[in-house]
Q: 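Have a look at this one.
Letters A, B, ... are given to chains in the order of the sequence lines, protein chains preceding strands, and every chain is numbered from 1.
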There are 2 protein chains.
Amino acid sequence: MELRQKHFRKRDAVLECLRGTDTHPSAEWVYAQLKRSYPDISLGTVYRNLAFFKEQGTIVSLGTVKGVERFDGNTAPHVHFICTECGRVLDLMQMKVPEELSEAASSYSGGHAESCQLSFTGLCGDCCKTVSETGE
Amino acid sequence: MELRQKHFRKRDAVLECLRGTDTHPSAEWVYAQLKRSYPDISLGTVYRNLAFFKEQGTIVSLGTVKGVERFDGNTAPHVHFICTECGRVLDLMQMKVPEELSEAASSYSGGHAESCQLSFTGLCGDCCKTVSETGE
DNA sequence: TTCGTGGATGTGAATGATTCTTATTGACAC
DNA sequence: GTGTCAATAAGAATCATTCACATCCACGAA
């Protein structure tokens, strides 16, 4: 078991890294983090394993923000706030996503809805402040 | 005015093209359409003008589907259904997006929400059918 | 032990969407 | 006509992501 662990060390590390942050990171960010503990890790491995976990449903993609894909290790349905200025993504865990919406979406679309994403875009608190201080 | 029209012909054509469809097209699709009426139009022009209108708020980006950005000429807030199989994007105009959500998002996030996107992903009717017929 | 197998990885090249650069054009004011 | 300024075409450049391929490692069979 210890030995097996070793073989999957990097795959596991990708998942741990994602679960250990609430920054909804990009592949590049994960790569930079893991580089410290695993100096020989490659970007390809990070992409490969993110795709693997996404496929498994173990993690979730938030779509792209400013051209790069962002991931979330928290698969519980929750709402996101995306800052259009700095690209930060915040969780709004307090906001409820009505349960029955998916069924409504399925029936309206004639297909089968598997997941639902609710997100808001705008300026985060920090960027609001910066804008009001510098006048844009 | 006629003359001025001519100068902006392609910019306007990009907007018209987007407004004349409900397929939520990509830049490439718009380019292919316009190529018929404007054989010398360039992809760069399409990208440039999509970015221009997006900046103005005249059109809206849906984010990327299967790696390519998709646009919507319909800026009225409405719900989308995105097929993960064929990439089709359907409007669910019948579904309501509660008005007060944006304010809640602003207060929870400490920032200022400017827009809200609610979308469902899954299999559209056609793809459901295909899957059940072919057994995947 | 020694092989063989199969999954995980590193490397670097390839891909593909998007953006940038440069030269050109058209509309308008003088 | 000349100058200016925005819009454009063409193609090069960029950048995130994927792919191809050789290698490595754990495990199991001989």
Side-chain angles (χ1 to χ4, degrees), chain A residues 1-18 23-56 58-71 82 84 87 89, chain B residues 1-18 23-56 58-71 82 84 87 89:
Chain A
M1 185 50 78
E2 242 309 299
L3 295 173
R4 184 165 183 81
Q5 280 293 330
K6 186 183 176 195
H7 195 196
F8 288 88
R9 201 175 352 213
K10 286 167 186 166
R11 168 163 297 178
D12 292 341
V14 166
L15 185 55
E16 274 167 30
C17 176
L18 207 58
T23 60
H24 312 84
S26 63
E28 202 77 42
W29 188 92
V30 172
Y31 173 68
Q33 294 306 110
L34 295 183
K35 195 79 179 175
R36 299 192 226 156
S37 315
Y38 307 86
D40 67 340
I41 197 173
S42 77
L43 192 51
T45 295
V46 174
Y47 273 108
R48 195 182 309 125
N49 287 318
L50 287 172
F52 171 83
F53 287 124
K54 188 167 96 175
E55 178 82 12
Q56 305 288 303
T58 311
I59 68 173
V60 133
S61 167
L62 301 184
T64 63
V65 178
K66 290 172 180 286
V68 331
E69 186 166 17
R70 303 283 287 268
F71 299 88
I82 303 169
T84 52
V89 178
Chain B
M1 185 50 79
E2 240 311 301
L3 295 174
R4 184 163 185 81
Q5 278 294 329
K6 186 181 175 197
H7 195 195
F8 288 88
R9 202 173 353 209
K10 286 169 187 166
R11 169 164 296 179
D12 292 341
V14 167
L15 186 55
E16 276 166 29
C17 176
L18 207 58
T23 60
H24 313 83
S26 63
E28 202 79 40
W29 189 92
V30 172
Y31 173 67
Q33 295 306 111
L34 296 183
K35 195 80 179 173
R36 299 192 225 156
S37 315
Y38 306 86
D40 66 339
I41 198 172
S42 78
L43 191 51
T45 296
V46 174
Y47 272 108
R48 193 184 318 116
N49 287 318
L50 286 173
F52 172 83
F53 288 124
K54 188 167 95 174
E55 177 83 12
Q56 307 288 304
T58 312
I59 69 173
V60 131
S61 167
L62 302 185
T64 63
V65 178
K66 291 173 179 286
V68 331
E69 187 166 15
R70 303 283 288 268
F71 299 89
I82 302 171
T84 50
V89 178

Q: Applying side-chain contact (heavy atoms from CB on, under 4.5 Å), name anything that partners B:T84, two or more places apart in sequence or on another chain.
A: B:T121, B:L123
Q: OP1, OP2 of C:dG10 versus side-chain N and O of A:K10: anything below 4.0 Å?
A: yes
Q: Please compare A:K35 and A:F52 by the position of their nearest nucleotide in DNA chain C and report the one closer to 5'.
A: A:F52
Q: Can you tell me how far P of D:dA10 sits from CG of B:D40, to the nearest Å?
A: 7 Å
Q: Expressed in angstrom and rounded to an integer, what is the separation of B:R9 atom CZ from C:dT25 atom P?
A: 17 Å
Q: Let me check something: any side-chain donor-acceptor pairs from residues 25-32 of chain B under 3.5 Å, sequence neighbours excluded? List them with distances.
A:
unit_1 : atom_1 : unit_2 : atom_2 : d
B:S26  : OG     : B:W29  : N      : 3.2
B:Y31  : OH     : B:K35  : NZ     : 3.1

Q: A:R48 versus A:T45: any side-chain heavy-atom pair under 4.5 Å?
A: yes
Q: Closest approach to the side chain of B:T45, judged atom by atom: which nucleotide of C:dT9, D:dA9, C:dG10 is it?
A: D:dA9
Q: Rounded off to whole Å, could you give me the OH-to-P distance for the A:Y38 and C:dT9 pair?
A: 10 Å
Q: Rounded to the nearest angstrom, tell me the gap between atom OH in A:Y31 and atom C1' in D:dT17.
A: 14 Å
Q: To the nearest angstrom, how far is A:K66 atom NZ from D:dC15 atom P?
A: 15 Å
Q: Just the rounded figure in Å: distance from P of D:dA9 to CZ of B:R11.
A: 12 Å
Q: What one-letter contact string describes nucleotides 16-21 of chain C from 5' to 3', where B marks a base within less than 4.0 Å of any protein heavy atom, S marks contact via sugar-phosphate atoms alone, and - marks no contact?
A: -SBB--
Q: Tell me, please, which residues at least two apart from B:V89 pass side-chain contact (heavy atoms from CB on, under 4.5 Å).
A: B:H24, B:L62, B:V65, B:R70, B:H80, B:I82
Q: Please list, chain by chain and in numerical order, all residues satisfying side-chain hydrogen bond (donor to acceptor under 3.5 Å, both in side chains) with B:K66, sequence neighbours excluded.
A: none
Q: With sequence neighbours left out, what residues match A:Q56 under side-chain contact (heavy atoms from CB on, under 4.5 Å)?
A: A:F52, A:T58
